[in-house]
Amino acid sequence: MMIMSITIFFFFLSNLMMMMSMILSKKSFMDREKCSPFECGFDPKSMSRIPFSLHFFLITIIFLIFDVEIALIFPIITLFKMVNMLIWIKTSFFFIIILLIGLYHEWNQNMLNWTN
């Protein structure tokens, strides 16, 4: 019975704290700039057909590709002590070579240069 009352107490206490934080964190100062959507540094209230630079898009895609590849490297590190050393080295080198070939291709196609 004591455990149940403590559980109920902490449940209500946590809900009270969440409600208090929601009330206290409300921002009442509204501004034209804060209420408008932000689209890559362009003002959406002005001309909507401004030419968009593809460099933003290419940099985003390159970041996503390398971010996913880094997420795939982490399991390789954790498998170091669990698998055969020769298989681990072959797999790691193969993966890193693919990564470096992709980086070389992006560099060779001038995707990494901001100015053209």
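Quick note: residue numbers are just sequence positions, from 1. Just so it is clear, the structure is predicted and the values come from calculations on it, not from any experiment.
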Set of side chain to side chain contact (heavy atoms under 4.5 Å, CB included) partners for [X], sequence neighbours left out:
{"X": "I96", "result": "L100"}
{"X": "I97", "result": "I101"}
{"X": "F63", "result": "D67"}
{"X": "I8", "result": "M4, F12"}

Given the rule that I, L, V, M, F, W and Y join up when any side-chain heavy atoms are under 4.5 Å apart, are I98 and L79 in one cluster? no
State plainly whether one hydrophobic cluster holds both F95 and Y104, where clusters connect Ile, Leu, Val, Met, Phe, Trp and Tyr through side-chain heavy atoms under 4.5 angstrom apart.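 Both belong to a single hydrophobic cluster.
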Would you say I6 has more than 12 foreign heavy atoms packed within less than 6.0 Å of its CD1?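 Above 12, so yes.
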Side-chain donor-acceptor pairs under 3.5 Å in residues 82-94, sequence neighbours left out?
{"from": "N84", "atom 1": "OD1", "to": "L86", "atom 2": "N", "distance (Å)": "3.4"}
{"from": "W88", "atom 1": "NE1", "to": "I76", "atom 2": "O", "distance (Å)": "2.6"}
{"from": "T91", "atom 1": "OG1", "to": "I87", "atom 2": "O", "distance (Å)": "2.8"}
{"from": "S92", "atom 1": "OG", "to": "W88", "atom 2": "O", "distance (Å)": "2.8"}

F74/I70 under side-chain contact (heavy atoms from CB on, under 4.5 Å): CA gap, chis, key distance, verdict: CA-CA 7 Å; F74 283 136; I70 288 173; 4.0 Å; yes
Show the nearest heavy-atom pair for residues L72 and P75, with the distance to one decimal.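 Closest heavy-atom pair between L72 and P75: O-CD, 3.3 Å.
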Donor-acceptor list for residues 14-21 side chains, cut-off 3.5 Å, not counting sequence neighbours:
{"from": "S14", "atom 1": "OG", "to": "F10", "atom 2": "O", "distance (Å)": "3.1"}
{"from": "S14", "atom 1": "OG", "to": "F11", "atom 2": "O", "distance (Å)": "2.9"}
{"from": "N15", "atom 1": "ND2", "to": "F11", "atom 2": "O", "distance (Å)": "3.4"}
{"from": "S21", "atom 1": "OG", "to": "M17", "atom 2": "O", "distance (Å)": "3.4"}
{"from": "S21", "atom 1": "OG", "to": "M18", "atom 2": "O", "distance (Å)": "2.8"}

